Q: 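I'd like to ask some things about the structure below.
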Amino acid sequence: MRTATARAHPNIALVKYWGKADEELILPVAGSMSMTLDAFATTTTVTLDPEADEDSFVLNGSPATGTALARTTRFLDHVRELAGSRERAHVDSMNEAPTAAGLASSASGFAALALAASRAFGLALDERALSRLARRGSGSACRSVVDRYAVWHAGTDDETSYAEQIDAPDLRLVIVTVDGAQKAVSSREGMRRTAATSPFYDAWITSTARTLEEMVRACAAGDPTRIGEITESHALRMHAVIASSEPPVRYLAPASVAVFDTAAALRAQGVFAHTTADAGPNVCVLTTPADAERVAEAVSAHGSVRIVGPGPGAHLVDETVDAGETDGVAR
Ligand code: 2P0
């Protein structure tokens, strides 16, 4: 029996991904940049089952059905194609992120699944190939393959669209959970709507490409202040282009906006605090290790807080191949 277990963490983009150039391959309209977190891991075990006619998927102890199962099967189809296999698999996945934290589990989920499934099916992918594979499950998952900070190169085809590590100063994110409610419009649907209806979409694409170049320069220069400024501007720009869709989508709640204001007030006092938010009401404040506690205390009036830092990319936890099947036990 072949089985492999892998772990991966969510990531928070400091330059955002919003919009696809190719829905099937999940190629983005522009590159993005993120911090892989040191918390909220997904741990996934993939076990090949030569007897089974279908894949099965258990998420947090409950059998998944419908869209969740269909997306996993579709992803495993890519892995089978790469491995030249027709075997079905059982996937067991545990997610440490509280649903209410609003952290997209699709990034950690597909990064962990890409690694566990590729190993279970006997593939030894390098980081770039693994990032490309994870991207097929969910765009942002390609960044969770990478340690600490990642740049996702938009690319123009399957081979050229992948994430790789980038050096950046040691920073922290204060995650503020302001609202546990499910987001009104999924990222996937929100992206489609923005692309189809926003009059500002072309400007979003061209400006994001430039912003990413500027972010890469700020990282290379080790300039945390510029990294923070770009982070907040780009997040607000993403929310602006989303809000300009028809019918409009607005992800930020009043409490989310209050966090932006609190961080601005802290900045005026010399504290490092720059705010970002994804496709939901929860907010992250980028700060330094020295200022993290102070920021967390100030924004705790708006929700529950958790300080996180840069963490590891997808990694293998365990792997077993029965003796006799191939070359024995591999670790
Ligand atoms: C990001 N988000 O860069 C942006 C910012 C949400 C807001 O990547 O359709 O779940 O699976 O490729 O990766 C969320 O989008 O979308 C996302 P799909 P994904 O983190």
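Remember, it's a predicted structure, so these values are computed and weren't measured experimentally. Start at 1 with the first residue, then count along the sequence.
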Q: Any side-chain donor paired with an acceptor under 3.5 Å for S198 and S245?
A: no
Q: How far apart are the closest heavy atoms of D38 and P310, and which atoms are they?
A: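 Looking at all heavy atoms of both residues, the shortest contact is CB-O, 3.8 Å.
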Q: Say you draw a straight line from CG of L212 to CE of M33; how long is it, rounded to the nearest 0.5 Å?
A: 8.5 Å
Q: Restricting to non-hydrogen atoms, name the atom on A117 and the atom on L76 that form the minimum distance, rounded to 0.1 Å.
A: CB-CD2, 3.8 Å
Q: Scan V15, L286, T275 and name whichever one has a side chain to side chain contact (heavy atoms under 4.5 Å, CB included) with T231.
A: L286
Q: Are any of the side-chain heavy atoms of L173 and V285 separated by less than 4.5 Å?
A: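 L173 vs V285: side chains apart.
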Q: With rounding to the nearest 0.5 angstrom, report the OG to CZ distance, S85 to R2.
A: 9.5 Å
Q: For the backbone of E189 and the side chain of S186, can you confirm whether one donor and one acceptor N or O come within less than 3.5 Å of each other?
A: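 Judged by distance alone, yes, a pair lies under 3.5 Å.
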Q: Run Y149 and T36 through side chain to side chain contact (heavy atoms under 4.5 Å, CB included) and show every step you take.
A: CA-CA 6 Å; Y149 297 96; T36 301; over 6 Å; no
Q: Quick one: does N11's side chain have a donor or acceptor within less than 3.5 Å of a partner on S140's backbone?
A: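 Such a contact is found between N11 side chain and S140 backbone.
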Q: With a 4.5 Å heavy-atom cut-off, do S118 and L133 have their side chains touching?
A: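 Yes, their side chains come closer than 4.5 Å.
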Q: Tell me if a side-chain donor or acceptor on Y201 pairs with a main-chain N or O of G19 at a distance below 3.5 Å.
A: no
Q: Are L171 and P224 side-chain neighbours, meaning at least one heavy-atom pair lies under 4.5 Å?
A: yes
Q: Looking at side-chain heavy atoms only, is the closest gap between L316 and T5 below 4.5 Å?
A: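 No, their side chains stay 4.5 Å or more apart.
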Q: Apply side chain to side chain contact (heavy atoms under 4.5 Å, CB included) to the pair Y17 and V29, showing each step before the final yes or no.
A: CA-CA 8 Å; Y17 150 52; V29 289; over 6 Å; no
Q: With the threshold set at 4.0 Å, does a side-chain nitrogen-carboxylate oxygen contact exist between E232 and R237?
A: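 No, E232 and R237 are not salt-bridged.
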Q: I'd like to know whether H302 forms a side chain to side chain contact (heavy atoms under 4.5 Å, CB included) with V283, so could you lay out the CA-CA distance, the side-chain angles of the two residues, the decisive distance to 0.1 Å, and finally the verdict.
A: CA-CA 10 Å; H302 308 298; V283 177; over 6 Å; no
Q: May I have the step-by-step check of side-chain hydrogen bond (donor to acceptor under 3.5 Å, both in side chains) for S161 and H153, ending in yes or no?
A: CA-CA 5 Å; S161 187; H153 303 289; over 6 Å; no
Q: For Y162 together with W152, are the ring centres under 6.0 Å from each other?
A: no
Q: How close do V46 and A89 get, heavy atom to heavy atom, and via which atoms?
A: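 Heavy-atom minimum between the residues: CG1-CB, 3.9 Å.
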Q: Search all heavy atoms of A209 against all heavy atoms of A30 and return the closest pair with its distance.
A: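 Looking at all heavy atoms of both residues, the shortest contact is N-CB, 4.3 Å.
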Q: Measure from the side-chain N and O atoms of T287 to the backbone N and O of F272, and report whether any donor-acceptor pair falls under 3.5 Å.
A: yes
Q: I'd like to know if R88 pairs up with E54 as an ion pair, taking the criterion as any Lys NZ or Arg NE/NH1/NH2 lying under 4.0 Å from an Asp or Glu carboxylate oxygen.
A: no
Q: Using the rule given for salt bridge (charged side-chain N to carboxylate O under 4.0 Å, His left out), can you reason through R172 versus D291, listing the C-alpha separation, both sets of side-chain angles and the distance that settles it, and then say yes or no?
A: CA-CA 9 Å; R172 297 290 178 270; D291 284 349; over 6 Å; no
Q: Quickly, which of R188, R136, R192 forms a salt bridge (Lys or Arg N to Asp or Glu O under 4.0 Å) with E23? Name it, please.
A: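 When salt bridge (Lys or Arg N to Asp or Glu O under 4.0 Å) is applied between E23 and each of R188, R136, R192, only R192 qualifies.
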Q: Main chain of G313, side chain of D147: is a donor-acceptor contact present, judged purely on distance under 3.5 Å?
A: yes
Q: Could you give me the CA-CA distance, side-chain angles and deciding distance for Q269 and R294, then say whether side chain to side chain contact (heavy atoms under 4.5 Å, CB included) is met?
A: CA-CA 11 Å; Q269 295 165 31; R294 181 149 174 214; 2.8 Å; yes
Q: Do the side chains of F57 and D55 get nearer than 4.5 Å, heavy atoms only?
A: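 Result no, sub-4.5 Å side-chain heavy-atom pair not found.
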Q: Is there a side-chain contact between D157 and L25 (heavy atoms, below 4.5 Å)?
A: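 No, every pair of side-chain atoms sits at 4.5 Å or beyond.
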Q: Classify the side-chain pair N95/T42 by whether it contains a donor and acceptor separated by less than 3.5 Å.
A: yes
Q: Keeping S131 on the side-chain end and A163 on the backbone end, is there a donor-acceptor pair under 3.5 Å?
A: yes
Q: Give, for atom OG1 of T160 and atom CZ of R132, the distance between the pair rounded to the nearest 0.5 Å.
A: 8.5 Å
Q: Mind checking whether L27 and W18 sit in one hydrophobic cluster, side chains of I, L, V, M, F, W, Y counted as touching below 4.5 Å?
A: no
Q: Supply the atom-to-atom distance E96 CD to M94 CE, rounded to the nearest 0.5 angstrom.
A: 8.0 Å
Q: Can D167 and R148 be said to form a salt bridge (charged side-chain N to carboxylate O under 4.0 Å, His left out), step by step?
A: CA-CA 8 Å; D167 282 336; R148 293 176 64 84; over 6 Å; no
Q: For G280, is there any backbone N or O sitting under 3.5 Å from a side-chain donor or acceptor partner on D278?
A: no
Q: Determine, step by step, whether E81 and R74 satisfy the salt bridge (charged side-chain N to carboxylate O under 4.0 Å, His left out) criterion, reporting the C-alpha distance in whole Å, the side-chain angles of both residues, the deciding distance to 0.1 Å, and the verdict.
A: CA-CA 11 Å; E81 198 181 318; R74 209 168 126 73; over 6 Å; no
Q: May I ask you to test the V91-S56 pair for a side-chain heavy-atom distance under 4.5 Å?
A: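 Answer no - side chains too far apart.
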Q: If we ignore angles and hydrogens, is there a donor and acceptor under 3.5 Å between the side chains of E229 and H274?
A: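 No donor-acceptor contact under 3.5 Å links the two side chains.
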Q: So, taking the atom named CZ in R193 and the one named OG in S244, what distance separates them when rounded to the nearest 0.5 Å?
A: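 The distance works out to 12.0 Å.
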Q: Using side-chain heavy atoms (C-beta onward) and a distance below 4.5 Å, is I227 in contact with C219?
A: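 A side-chain contact under 4.5 Å exists here.
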Q: Can H9 and S144 be said to form a side-chain hydrogen bond (donor to acceptor under 3.5 Å, both in side chains), step by step?
A: CA-CA 6 Å; H9 294 84; S144 276; over 6 Å; no
Q: Show the nearest heavy-atom pair for residues A111 and A8, with the distance to one decimal.
A: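 Taking A111 first and A8 second, the nearest heavy atoms are CB-CB, 3.7 Å.
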Q: Using only atom types and a distance under 3.5 Å, with no angle test, would you say the side chain of T206 pairs donor to acceptor with the backbone of D202?
A: yes
Q: Taking R128 for its side chain and E164 for its backbone only, find out whether a donor-acceptor pair lies under 3.5 Å.
A: no
Q: Check this for me, if you would: do R217 and D223 make a salt bridge, where the nitrogen-to-carboxylate-oxygen distance has to be below 4.0 angstrom?
A: no
Q: Verify the ring-centre separation between H234 and W204: is it less than 6.0 angstrom?
A: yes
Q: Assess whether salt bridge (charged side-chain N to carboxylate O under 4.0 Å, His left out) is satisfied between R80 and D77, documenting all intermediate values.
A: CA-CA 5 Å; R80 277 187 280 266; D77 287 341; 2.8 Å; yes
Q: Any salt bridge linking D158 with R135? Criterion: basic side-chain nitrogen under 4.0 Å from a carboxylate oxygen.
A: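 R135 and D158: salt-bridged.
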Q: Do T177 and R306 get their side chains close enough for a donor-acceptor pair, meaning under 3.5 Å?
A: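 Looking only at side-chain atoms, R306 and T177 do not form any donor-acceptor pair under 3.5 Å.
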Q: Going through the distances and angles, do R143 and S34 end up as a side-chain hydrogen bond (donor to acceptor under 3.5 Å, both in side chains)?
A: CA-CA 7 Å; R143 299 186 310 233; S34 61; 3.1 Å; yes
Q: What's the spacing between H78 NE2 and T73 OG1 if we round to 0.5 Å?
A: 11.5 Å
